[in-house]
Amino acid sequence: MSTETPAEIDRVLLSEEQLKQRVSEMAAQVNADYAGEDLLLVGVLKGAMMIMADLSRELDGSVEIDWMAVSSYGAGNTSSGVVRILKDLDTNLDGRHVLIVEDVLDSGLTLRWLVRSLQARQPASLEILTLLRKPEAVRNKVDVRYVGFDIENDFVVGYGMDHNQHYRNLRYIGALKPL
């Protein structure tokens, strides 16, 4: 794998080592909070694939994984305000302890909608873990139990996050140069 930073990346925000360390710390907290419980991780596709994989490998006990894909974007790069389910869960949430695993919390629109949708399915508990949060961008109140890093309102790629389906495979998180 090339260690060269692509020309479109303005700067590296979080190194592979920083990501590993923080995921391990969050997993330790999740382990403590859910000790003795069966936990269902709900990953939000596609950006959460890396954090989901790394987090789940650090968790103890019985952990199940399921995935959802939701979108609040139309053909452009700005939110349409309408959230659509592109891929729903295969798992019944009734009476389950559910942890939503998200890559980045931007405006909060999609995540707020997702929480409401999943709460209607009667889980025993429902919490959120997000790797990144952009406090300047959050416009919709969402209670997040676990936050990896607060970052500036940059367009970020790597570690599962993309720009036009590119850069998901980067082992670090970088800020994309302004388009």
Would you indicate whether the side-chain heavy atoms of [Y] and [X] approach each other to under 4.5 Å?
X: Phe149; Y: Ile173; result: no
X: Ile85; Y: Trp113; result: yes
X: Val157; Y: His166; result: no
X: His97; Y: Leu40; result: no
X: Ile51; Y: Leu129; result: yes
X: Leu131; Y: Leu19; result: yes
X: Ile100; Y: Met68; result: no

Any donor and acceptor pair, going by atom type alone, linking the side chain of [X] with main-chain N or O of [Y] inside 3.5 Å?
X: Lys87; Y: Trp67; result: yes
X: Asp154; Y: Val156; result: no
X: Asn31; Y: Glu58; result: yes
X: Asp162; Y: Arg168; result: no

Could you work out, with salt bridge (Lys or Arg N to Asp or Glu O under 4.0 Å) as the rule, every residue matching [X], not counting sequence neighbours?
X: Asp33; result: Arg145
X: Glu16; result: Lys20, Arg171
X: Glu136; result: none
X: Asp60; result: none

Give, for atom [atom1] of [X] and atom [atom2] of [Y], the distance between the pair rounded to the nearest 0.5 Å.
X: Leu111; Y: Ile128; atom1: CG; atom2: CD1; result: 4.0 Å
X: Thr130; Y: Asp103; atom1: OG1; atom2: CG; result: 6.5 Å
X: Glu152; Y: Leu132; atom1: CD; atom2: CG; result: 12.5 Å
X: Leu89; Y: Arg96; atom1: CG; atom2: CZ; result: 10.5 Å
X: Asp150; Y: Arg133; atom1: CG; atom2: CZ; result: 4.0 Å
X: Ser125; Y: Leu93; atom1: OG; atom2: CG; result: 10.5 Å

Original post:
Among all residues two or more places apart in sequence or in another chain, which pass the side chain to side chain contact (heavy atoms under 4.5 Å, CB included) test with Asn140?
Top reply: Ser107, Leu109, Arg112
Subject >> Counterpart residues, side chain to side chain contact (heavy atoms under 4.5 Å, CB included), relative to Glu25 (two or more places apart) >> reply: Gln21, Arg22
Original post:
Can Leu176 and Ile9 be said to form a side-chain contact (heavy atoms from CB on, under 4.5 Å), step by step?
Top reply: CA-CA 5 Å; Leu176 203 61; Ile9 305 296; 4.2 Å; yes
Subject >> Closest contact, heavy atoms only, Val42 versus Met52 >> reply: C-CE, 3.7 Å
Original post:
What's the verdict on side-chain contact (heavy atoms from CB on, under 4.5 Å) for Val44 and Thr110, showing C-alpha distance, side-chain angles and the deciding distance?
Top reply: CA-CA 10 Å; Val44 182; Thr110 303; 5.9 Å; no
Subject >> Residues Leu41, Leu59; criterion side-chain contact (heavy atoms from CB on, under 4.5 Å); working and verdict >> reply: CA-CA 11 Å; Leu41 301 178; Leu59 296 179; 3.9 Å; yes
